[in-house]
Every structure is written in C-alpha cells, then in structure tokens.
Trainee: 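Can you keep this structure in mind? I'll have questions shortly.
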Amino acid sequence: MEELKKQGDLLYSFFTRSGAKYYISRDERDLFADHSEVFVKFIRFACKYAAYHKDKKYILEGIWTYLFFDDPSRFSRYAVYMKGTSLIKSKFRRMIRESSNTPLESWYRLVDFGVYAADTTFYDINLDKWRRYYEKKPETVLKEEENYFTLLRAGIMAKINSINECFVHGDEKGIRNIMKNAQASKGMDITEKTIVIEECKRAISDLK
C-alpha cells in the first residue's frame with residue numbers, strides 16, 4: 001500500500017476508500033488463491049462507473065477482461081484494443097522482471113509461471129473467441145505493431161532476400177558487397193549486422 005501511495009493520490013484514495021474491496025496485496029497474490037471474482041466485480045464496477053461519469057471514458061488494461069468474460073459481445077458498445085501478446089509470454093516477462101528481487105520471490109515467480117504455462121492453452125482458446133468476434137466486425141482495424149523487433153525482422157529479411165538473389169545468380173561479388181556494407185554500416189543494429197554477415201559467409205561458402 002505504501003508503494004501504491006507513491007504512485008499518486010488518485011490510486012491511493014480509490015483503493016483505501018470506495019475501491020478497498022478490490023485491493024489485493026502482494027502477499028495475498030503470492031498465495032496463488034483464486035481472485036477471479038474480485039477481477040470480475042472490478043471490471044463491472046469500472047463499466048458502471050464510466051457510464052455515469054461525465055467524460056464516460058475508461059481503460060481496462062491487462063489479460064483479466066478476456067480471462068473472466070467469455071462473451072466478447074458484452075463489450076460491443078466499447079472501444080476494444082487487443083495486443084498480440086499471449087498469456088504465457090506475459091507471464092514469462094513478469095517472471096524475468098521480478099525474479100531478481102529476492103530468492104523467495106524468484107521461487108514464487110517460477111511456480112507462478114509453471115501454473116500459468118499449464119493453463120495457457122485453455123485461456124488462449126478464450127482469447128481466440130475474442131479475436132474471431134472482433135475480426136468479423138467491419139469497424140475493426142487490424143494493424144501489425146511496428147516495434148523494434150518487427151522493424152528489425154523486416155530489415156534482416158530485406159538483406160537476406162538480396163543475398164539469396166545474388167546466390168541464385170552465382171554473384172559472389174554481390175554477396176561480398178552486401179557483407180562489406182553491413183560491416184561498415186553505422187545505422188544497422190548489431191543483431192541485424194551479425195545475422196547478415198553470417199548469412200553472407202554461409203552463402204559464399206555454399207557457392208564454392
């Protein structure tokens with residue numbers, strides 16, 4: 001609760017007053033108890049609160065919405081934004097993020113990850129229901145996220161396609177030029193540079 005207080009008066013005042021029944025401490029969370037009822041009640045509270053708020057805007061962030069609400073049509077009147085991260089990836093990131101705090105917490109996160117890894121198939125099926133529902137709606141916009149990894153992948157694939165083109169035509173000089181440009185490039189990421197150079201070396205070796 002002290003950590004929550006540092007994040008701002010709005011959150012702290014909510015969870016110590018009207019939202020006290022929705023507060024789950026770190027100790028309670030680490031007991032691996034089923035808190036699904038709390039999340040469901042909180043989501044319903046948020047919807048009801050927003051309906052009477054003058055701005056009528058709110059954000060529910062996290063995996064809890066699709067985990068505890070099977071029917072996505074219940075949210076058909078709201079704007080819904082779905083990211084592509086799966087539950088198991090989300091839990092893995094949390095395990096890495098919190099595992100270095102203390103040995104006990106490292107154990108908690110490892111067990112936590114194991115529990116969710118076993119259930120991820122069931123929950124991801126539920127997520128697929130949400131995806132299918134919104135994919136059929138004409139107003140839905142599907143957009144590939146342009147983050148560091150997607151841009152990196154696109155850059156690498158463009159270079160590999162060039163290497164393959166040279167390889168097909170037996171153009172060893174062209175491959176060496178791609179490798180030379182990669183070695184001298186200041187704009188390429190170190191990962192992209194390493195992959196491209198190694199692909200060039202393999203292609204040159206296969207030509208001989």
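Reckoned from all heavy atoms, side chains included, excluding hydrogens, waters and symmetry mates.
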Trainee: Can a donor-acceptor pair be found, under 3.5 Å and without considering hydrogens, that links the side chain of Tyr23 to the backbone of Met1?
Mentor: yes

Trainee: Can you list, pair by pair, the side-chain donor-acceptor contacts under 3.5 Å of residues 173-182, counting residues two or more places apart and other chains?
Mentor:
residue, atom, partner, partner atom, Å
Arg176, NE, Glu172, OE2, 3.0
Arg176, NH2, Glu172, OE2, 2.9
Asn177, ND2, Lys173, O, 3.4
Asn181, ND2, Asn177, O, 3.1

Trainee: Could you measure the distance from the SG atom of Cys47 to the CZ atom of Arg77? Nearest 0.5 Å is fine.
Mentor: 8.0 Å

Trainee: Say you draw a straight line from CG of Asn161 to SG of Cys166; how long is it, rounded to the nearest 0.5 Å?
Mentor: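 Going from the CG atom of Asn161 to the SG atom of Cys166 covers 11.0 Å.
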
Trainee: List the atom of Cys200, the atom of Ile163, and the distance in Å for their closest heavy-atom pair.
Mentor: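 What the structure gives for the nearest pair is SG-CD1, 3.5 Å.
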
Trainee: Kindly indicate, with the supporting measurements, whether the criterion side-chain contact (heavy atoms from CB on, under 4.5 Å) is fulfilled by Tyr134 and Phe75.
Mentor: CA-CA 10 Å; Tyr134 283 103; Phe75 295 85; 3.7 Å; yes

Trainee: Taking the six-membered ring for Trp and the single ring otherwise, decide whether the centroids of Tyr22 and Phe15 are under 6.0 Å apart.
Mentor: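 No - the distance between ring centres of Tyr22 and Phe15 does not fall below the 6.0 Å cut-off.
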
Trainee: Test ring-ring contact (aromatic ring centres under 6.0 Å, His included) on Phe45 and Phe14; report intermediate values, then the result.
Mentor: CA-CA 12 Å; Phe45 166 82; Phe14 173 76; 5.7 Å; yes

Trainee: With rounding to the nearest 0.5 Å, note down the distance linking CD1 in Ile24 to CZ in Phe42.
Mentor: 10.5 Å

Trainee: Given Lys159, which of Val196, Ile197, Asn164 fulfils the side chain to side chain contact (heavy atoms under 4.5 Å, CB included) condition?
Mentor: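 Only match with Lys159 under side chain to side chain contact (heavy atoms under 4.5 Å, CB included): Val196.
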
Trainee: Per the salt bridge (Lys or Arg N to Asp or Glu O under 4.0 Å) rule, what does the pair list look like for residues 39-52, sequence neighbours excluded?
Mentor: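 Applying salt bridge (Lys or Arg N to Asp or Glu O under 4.0 Å) to every pair that reaches into residues 39-52, excluding sequence neighbours, yields Glu37-Lys41.
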
Trainee: Quick check for you: to the nearest 0.5 Å, what is the distance between Arg131 atom CZ and Lys136 atom NZ?
Mentor: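 Here the rounded value is 15.0 Å.
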
Trainee: Heavy atoms only: give me the nearest Asp70-Pro72 pair and the separation to one decimal.
Mentor: O-CD, 3.1 Å

Trainee: Would a single hydrophobic cluster contain both Met188 and Ile195, if residues Ile, Leu, Val, Met, Phe, Trp and Tyr are joined by side-chain heavy-atom contacts under 4.5 Å?
Mentor: no

Trainee: Using the salt bridge (Lys or Arg N to Asp or Glu O under 4.0 Å) rule, collect all pairs that involve residues 2-17, keeping only residues at least two apart or in two chains.
Mentor: none

Trainee: Evaluate the criterion ring-ring contact (aromatic ring centres under 6.0 Å, His included) for residue pair Phe69 and Trp130; output intermediate values, then yes/no.
Mentor: CA-CA 10 Å; Phe69 287 86; Trp130 278 65; 7.9 Å; no

Trainee: Out of curiosity, Ile160 CD1 to Glu199 CD, how far, rounded to the nearest 0.5 Å?
Mentor: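 Answer rounded to 0.5 Å: 4.5 Å.
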
